[in-house]
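Report on the structure given below.
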Protein chains: 2
Amino acid sequence: MHIMVDLARHADEGPISLKSVAERQKLSEHYLEQLVPELRKAGLVKSIRGAQGGYVLAKKPENIYIGDVIRVLEGPIAPVECTNQSGEDCCEKTDFCVNREVWVKVRDSINDVVDSISLADLLKDAGNPESEGMNLFEEVD
Amino acid sequence: MHIMVDLARHADEGPISLKSVAERQKLSEHYLEQLVPELRKAGLVKSIRGAQGGYVLAKKPENIYIGDVIRVLEGPIAPVECTNQSGEDCCEKTDFCVNREVWVKVRDSINDVVDSISLADLLKDAGNPESEGMNLFEEVD
DNA sequence: TTTATATCCTACTAAACCAATCGGAATTTG
DNA sequence: CAAATTCCGATTGGTTTAGTAGGATATAAA
C-alpha cells in the first residue's frame, strides 16, 4: 500500500525508484524489492530497468482499487479459509456450516469496502502533505 | 463459536459438559477447556462445577451476538493494529494515516456484520440438523 | 566502454500468532 | 470416598508476516 500510494502521489515524475519510495515511507528498500514484483506481475505497476529506472503505475489512480492491491500481495481476502472453497469441502466440524454463513457475510463486506476505494480516493481524502503541507491527522497547536 | 452454537442448540438440557460438546463438534476437549474460561469471565456462559456439571449460556441466544464471542476470544476485531489506537500514535510511516482510513472502514464494516447476527439468528438460518435432520448445505441426490 | 543506478531473483531469519496437546489440581454429586 | 467435571499453567508445532542478505542482470550516462 505504501508503494502504491507513493507511486500515485508522484505519478507525474517519471519512473520512481524503490530507493526514493523507501526513504519517503521509512521502509527498507530490500523489503520493497521483495513485494513489488508481485505488483508488476499482476499488472498494477510497470518497471523500467537500469539507471534512472524505477516504477510507474500501470493504470490511472482512479482505476486502481485497494482491494486489487491487497489481493495481489496477500491472496484472497477471507476471514477463514473455507469461504474460498465450495460449501461441500469445508465442514468436517459439525457446526461449521452454520458459522460459515457469518464468515461469508464478513468476507463480502470487507471486499465491498476495499473494492470501493481507489488510490485516487485515498489521495483526495488526505490531501497531498508533501506539496500542500497539510495532513488530516496533524495536530493544531 | 462451536461451543456457543452447541450450547445454544442444547440450551434446554441443563448443564452441558465440554466432553459432549467436543464429541459433537469433533474438537478436542482439552482445547475447549482452554477457551471456555474466557467466555465465562466475559459473562457469556456460566459454569457448574463437579459431576453432572457443565456450561450453560448466561443469556438468551437472541441476546448473544457473534461479535461479542469473537472479541472475547480473539481481542478487538481490527485489520491492522493501529485502528485500535488513537490517530496520533500510529503513523511513523509517512503514508500510513492515508491507509488508516481504509482500515477503519474495513474494521467498522466487519464489526457491523458480526454485531448484527445473534446465536439465535444462526440457529434459525440453519435449522436444527439434530432434531430436524436437515442441513442448509446438504446435497439432494 | 566503463560505471553507477536500478531492477530482479532466491534464500534465509526472527517474531508473533493460532490450534492443539499434556499433566495435574480443585470442586461437586452420588 | 470415587467419579465427573471444571479449572489452571506450561509447552509444542505449524503458519504467517516483516525484514535481512547477497548477488545477478539490465540500462543510461559519462
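First the proteins, then the strands, lettered A, B, ... as listed; each starts at 1.
Considering only side-chain N and O atoms, A:S47 lies nowhere under 4.0 angstrom from the phosphate OP1 or OP2 of C:dT7. Remark: A:R40 is in phosphate contact with C:dC8, judged by side-chain N or O atoms under 4.0 Å from OP1 or OP2. Within the structure, a side-chain polar atom (N or O) of B:S28 is placed less than 4.0 Å from OP1 or OP2 of C:dT21. Put simply, B:Y31 has no side-chain N or O that comes within less than 4.0 Å of OP1 or OP2 on D:dT12.
Put simply, the residue from A:R24, A:E23, A:K19 that forms a side chain to side chain contact (heavy atoms under 4.5 Å, CB included) with A:V21 is A:R24.
Between the side chain of B:Q52 and the base of C:dG30, no donor-acceptor pair under 3.5 Å is found. No N or O donor and acceptor, one from the side chain of B:R49 and one from the base of C:dT27, sit under 3.5 Å apart.
Taking 4.5 Å as the limit, some side-chain heavy atom of A:V5 sits within range of a side-chain heavy atom of A:L119. A:D6 is not listed as a side-chain neighbour of A:H2, based on a closest heavy-atom distance of 4.5 Å or more.
Side-chain polar atoms of A:S118 and A:D121 form a donor-acceptor pair below 3.5 angstrom.
In this structure, B:E33 and A:I48 both approach DNA chain C, and ranking their closest nucleotides by distance from the 5' end singles out A:I48. Annotation: of the two residues near DNA chain D, B:K41 and B:K19, the 5′-most nearest-nucleotide partner is B:K19.
Between the NZ atom of B:K46 and the P atom of D:dT6 there is a distance of 16 Å, rounded to whole Å.
The listed nucleotides are D:dT27, D:dG23, D:dT17; the one nearest the side chain of A:H30 is D:dG23.
Here A:Q34 lies in heavy-atom contact (under 4.0 Å) with a base.
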